[in-house]
Enquirer: 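This is the structure I have questions about; it appears just below.
To find a chain, count down the sequence lines: A is the first, B the second, and so on, and within it residues start at 1.
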Amino acid sequence: MPRTAGHFTIRPRMKFSLAVYSAPHSAQAAASALRFARALLHEGHELYRVFFYCDGVHIGSSLSTPPQDELDLLAGWQALQQQHQLDLVVCIAAAQRRGVLSDSEANRLEKPAANLAPGFELAGLGQLADAVAQSDRLITFGG
Amino acid sequence: MTLHIVSKSPFSSTALSDCLDAFGDGDALLLIEDGVYALSGRMAEQPAVKPVYCLAADAAARGLQIPASVTAVDDAGWVALCTEHNPIVSWFK
């Protein structure tokens, strides 16, 4: 609960992690996740990790090119990552299925190109379990 | 106590009714995205549970009025609700 000291209300600083299951541009949830991340950082909380899973891995593709007058989720996450040194983790198994590959994975799997965007990294589900263990709150964005 | 976040319309998904089945004493309900369409149904006059919160921006984007029985929150209010409740359960199927 908030504690009041004089004119100031002191709220506890919390550690959040987000799980993003929703594909960009097909549902609002991917945009909601970015909006929530901005809001919690603005409120002074910590964002321990964002885990992109299922169709959410498409957010980490450097090749997405939305029209200029539409929300650019990739640019939004990258800007936030740079500003706050966020840990943006893309599930490696979900990403391989959907064709989101890092340079090293593209080499290892002998694929012609890599497209994982700068600021994102591939890792396993263990990183989601770790985020749950290390964070005060896990918020899921799906649909 | 749990914060239930419903993001699908009750006219196209069972997310809200599933959530209400699992709603316990001390829990709270937050409507976001298409979940705010619940405000155009029966929930507007007589909410099945309380307290009910609604993301003001998502309701405004859909041209929905927020009834007196529902508390409008902005993004900072959304974050605050998430700090005041644990766990946070998202209903989107």
Enquirer: I'd like to check A:F141 versus B:F92 (side-chain heavy atoms, cut-off strictly below 4.5 Å). Are they in contact?
Expert: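 Of all side-chain heavy-atom pairs linking B:F92 with A:F141, none is under 4.5 Å.
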
Enquirer: What is the minimum heavy-atom distance between B:N86 and A:D136, and which atoms define it?
Expert: OD1-O, 3.9 Å

Enquirer: Using 0.5 Å steps for rounding, measure from the SG atom of B:C82 to the CD atom of A:E43.
Expert: 11.5 Å

Enquirer: If you take all heavy atoms of A:G143 and B:K8, which pair is closest and at what distance?
Expert: CA-NZ, 3.6 Å

Enquirer: Considering only heavy atoms and a distance below 4.5 Å, find which of A:A39, A:S22, A:G142 pairs most often with chain B.
Expert: A:G142

Enquirer: With a 3.5 Å distance limit and no angle check, can you tell me whether A:R137 reaches the backbone of B:H85 through a side-chain donor-acceptor pair?
Expert: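 Answer holds: yes.
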
Enquirer: Where does A:A29 contact chain B at under 4.5 Å (heavy atoms): side chain, backbone, both or neither?
Expert: both

Enquirer: Would you mind reporting whether A:F16 and B:T83 have side-chain heavy atoms less than 4.5 Å apart?
Expert: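 Result yes, sub-4.5 Å side-chain heavy-atom pair found.
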
Enquirer: Is the shortest heavy-atom distance from the side chain of B:S7 to the side chain of A:Q28 under 4.5 Å?
Expert: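 Of all side-chain heavy-atom pairs linking A:Q28 with B:S7, none is under 4.5 Å.
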
Enquirer: Flag the pair B:V79 / A:F36 as yes when at least one side-chain heavy-atom distance between them is below 4.5 Å, and no otherwise.
Expert: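 Counting from C-beta outward, B:V79 and A:F36 do come under 4.5 Å.
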
Enquirer: Can you confirm whether B:D25 is buried at CG, in the sense that more than 12 heavy atoms of other residues, nucleotides or ligands lie under 6.0 Å from that atom?
Expert: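 Counting neighbours around CG of B:D25, 12 or fewer heavy atoms of other residues, nucleotides or ligands fall under 6.0 Å, so no.
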
Enquirer: Within residues 49-65 of chain B, which positions have a heavy-atom distance to chain A below 4.5 Å?
Expert: B:L55, B:A57, B:D58, B:R62

Enquirer: Do any N or O atoms from the side chain of B:S90 and from the backbone of A:T140 form a donor-acceptor pair under 3.5 angstrom?
Expert: yes

